[in-house]
Amino acid sequence: MLEIQQLRTDLENVTKTLAKRGYVFPTELFNSLEAARKTIQTHTQELQARRNTASKQIGHAKSKGEDASGILAEVADLGDALKQAEIQLEEIQNRLQKILLDIPNLPHESVPVGSNETGNQEIRRWGTPRQFDFAIKDHVSIGEALDLLDFETAAKLSGARFSLMKGGLARLHRALAQFMLDIHTQEHGYTETYAPYLVNRESLLGTGQLPKFAEDLFTVHAGTGHESKSAESNGHSPAFYLIPTAEVPITNIVRDEIVPLQSLPLKFVAHTPCFRSEAGSYGRDTRGLIRQHQFDKVELVHIVHPDQSYIALEELVGHAEKILQKLGLPYRVITLCTGDMGFSAAKTYDIEVWLPAQNTYREISSCSNCEAFQARRMQARFRNEQGKPNLLHTLNGSGLAVGRTLVAILENYQNTDGSVSIPDVLQPYMNGLDQLRISRGK
RNA sequence: GGAGAGGUACCGAAGCGGUCACAACGGCGCUGACUCGAAAUCAGUUGGUCAGGGUAACCUGGCACAUGGGUUCGAAUCCCAUCCUCUCCGCCA
């Protein structure tokens, strides 16, 4: 959410900056609502002030045993007028609030301007893609040939865009998450957290997934015990939402809080499943583990002093990169352009890992500085040097998406005989196993 | 699921129809005194949010007693609904 003050005083610049990311600000609507708000709010507050003084006078008079009927008569029709004004004001405020909640964050000045992913800027590469002297397979073929990956059964259990992993692959998946958590807690100073996978509406409003992106989320309704009478069909609002990323519960830790200055920065890491409906992505990445309704992610969140957030963003990307370096997976880092950034971000770096079967780099992490955008929605504050509450800055980034990292390992570490080597750093997590290979029935 | 207690500022907590929300009383924070300095002690003081006005420090007013309704000239206080926390019982991985 942007600061409404900024819209009032600097609307021209704000709309210009928003236009860079393709957002058309409803200037006329906003201005007319603002004008109405101003008169109605002033009027309402005047009526309230009159009611307050009159009531106080009545109280004084009655306590002294004097006659208050004069003032009572004076105030008789104030109630109706006030109620009407309050209703009007609330309606206007709601409409303004709705506009405000729909406006994306302002891009930082360092963000390249562009309308889509072609405007993104590569800023560095690490590692050299391996040269294969045999015909390489993609991760689906590799996993299925090893009898460790089974999409058909997953479809039977749940439907499309779900996966079933077994044996060494399931273990490798677990190993990756453990490895990432260990590095981030032991080497990068994060606090490990375990958080709810179901969250309420307020949390999603706080981080910006709601109200605009409801169709991307899975909802959970409280059970009635009767399938036919499920609350869903009654049109009740959902009791919970499945988290699309751990960013939601973790960032909302500081919602409605005033954090003491000396406890900053807060750095949290969490390994959670993520649930996304992937509405609007039909036909894209339908094969394999790249785009699933359910996937695991290790998420990094920073809660920082506003002066520190761009330093923190560089650190955050570095922490995610470290994982890929330790795994020996080639990657590149790109700065998303204004048109390709997410709703809440002021600046985003994507890390893309090399996938040989696709002969390209694919997103494996997205690291964003949201500045005060989420903090303003959440009323997440700290007590500043002067002892006054100030909005925090929030950042989040994947460190990393576990499923996609698994894909990268399968493809980059595949061998000519169909086996897959396990990176050295993961072997301790695999009970010393150094390869995934055919072993029937296991 | 049953019974009870509770949700008031940064924290603890009093208030239980008007003169205690300009929120008592503690703590915390800040300022000053004492001290070489600190601790302790003593004194003072502030604390959320929105609007209007002002370059500004500030001024004026509104809102905020879990949330949303209701009763009333007036609600933290009375009534209704919902959420959450705690204690006990039951059930349970």
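So you know, we letter chains A, B, ... as the sequences are listed, proteins then strands, and number each from 1. Fair warning: this is a prediction, and the values are worked out from it, not measured in the lab.
Here the OG1-CD distance, from A:Thr9 to A:Glu3, works out to 8.0 Å after rounding to the nearest 0.5 Å.
For B:U31, the paired base is B:A43 (Watson-Crick or G-U wobble, both distances below 3.5 Å). Of all nucleotides present, none satisfies the Watson-Crick or G-U wobble test against B:A23 with each distance under 3.5 Å. When both pairing distances are held under 3.5 Å, B:A38 makes no Watson-Crick or G-U pair with any nucleotide shown. Of the nucleotides present, B:C84 is the one that pairs with B:G6 by Watson-Crick or G-U wobble criteria, both distances under 3.5 Å. Pairing of B:G18, defined by two Watson-Crick or G-U wobble distances under 3.5 Å, is identified with B:C73. Searching all strands for a Watson-Crick or G-U wobble partner of B:U60 with both distances below 3.5 Å returns B:A51.
If you check B:C73, B:C63, B:C50 against the side chain of A:Ile58, the one that comes closest is B:C73. Listed nucleotides B:G52, B:G74, B:C10 differ in distance to A:Arg383; the shortest reach to its side chain belongs to B:C10.
Between A:Gln45 atom CD and B:U60 atom P there is a gap of 15 Å when expressed in whole angstrom units. Between the CD atom of A:Gln48 and the C1' atom of B:G52 there is a distance of 14 Å, given to the nearest Å. Between the P atom of B:U72 and the CG atom of A:Leu78 lies a distance of 15 Å, rounded to the nearest Å. One atom, NZ of A:Lys388, and another, P of B:A9, lie 17 Å apart when rounded to the nearest Å. Between the P atom of B:A51 and the CD1 atom of A:Ile92 lies a distance of 15 Å, rounded to the nearest Å. If you take CD of A:Gln379 and P of B:U49, they are 7 Å apart, rounded to a whole angstrom. Atom P of nucleotide B:A51 and atom CD of A:Gln93 are separated by 8 Å, given to the nearest angstrom. Atom P of nucleotide B:G48 and atom CZ of A:Arg376 are separated by 18 Å, given to the nearest angstrom.
When the C1' atom is used for both B:A43 and B:G54, the distance is 35 Å, rounded to whole Å. Taking atom P on both nucleotides, B:G2 is separated from B:U19 by 40 Å, rounded to a whole Å. Spacing of P atoms, B:G4 relative to B:G26, comes out at 37 Å, to the nearest Å. Across the P atoms, B:A21 and B:G62 are found 14 Å apart, a figure rounded to whole Å. Only the P atoms considered, B:G69 is 47 Å distant from B:U41, to the nearest whole Å. A distance of about 43 Å separates the P atoms of B:C89 and B:U71, rounded to the whole Å. The separation of B:C22 from B:A76, taken at their P atoms, amounts to 10 Å, rounded to a whole angstrom. Here the separation of B:C20 from B:A14, taken at their C1' atoms, is 9 Å to the nearest Å.
Checked by atom type, the side-chain pair A:Thr207/A:Glu247 shows no donor-acceptor distance below 3.5 Å. Side-chain polar atoms of A:Ser141 and A:Arg287 form a donor-acceptor pair below 3.5 angstrom. A side-chain N or O of A:Arg8 and one of A:Gln5 form a donor-acceptor pair less than 3.5 Å apart.
Proximity of A:Arg37 to the phosphate of B:G52: a side-chain N or O atom is located under 4.0 Å from OP1 or OP2. When the side-chain nitrogen and oxygen atoms of A:Gln5 are compared with OP1 and OP2 of B:A51, one or more of them lie within a distance under 4.0 Å. Residue A:Asn52 has a polar side-chain atom (N or O) positioned under 4.0 Å from OP1 or OP2 of B:G62. Applying the 4.0 Å criterion to OP1 and OP2 of B:G69, one finds that A:Lys83 has every side-chain N and O outside that range.
Using cut-offs of 30° and 60° on the angle between ring planes, the pair A:Tyr190 and A:His188 is perpendicular.
Here A:Ile258 lies in heavy-atom contact (under 4.0 Å) with sugar-phosphate atoms only. Contact annotation for A:Ala49: backbone-only contact, meaning every heavy-atom pair under 4.0 Å involves sugar-phosphate atoms and none involves a base. Contacts of A:Arg8 with the nucleic acid, taken as non-hydrogen atoms under 4.0 Å apart, involve only primed sugar atoms and P, OP1 or OP2. As judged by a 4.0 angstrom heavy-atom cut-off over every strand, A:Pro389 is placed among residues touching the sugar-phosphate backbone only.
In B:C36 the base sits anti relative to the sugar, since the glycosidic angle is further than 90° from 0.
Taking the six-membered ring wherever Trp is involved, the centroid distance between the rings of A:His184 and A:Phe268 does not fall below 6.0 Å. Between A:Phe373 and A:Phe343, the ring center distance clears the sub-6.0 Å criterion.
Comparing A:Glu46 and A:Asn390 along RNA chain B, the residue whose closest nucleotide (by nearest heavy atom) sits nearer the 5' end is A:Asn390. Positionally, the nearest nucleotide of RNA chain B for A:Glu34 lies more toward the 5' end than for the other of A:Arg51 and A:Glu34.
Under a 4.0 Å N-O distance rule, the pair A:Asp285/A:Arg362 qualifies as a salt bridge.
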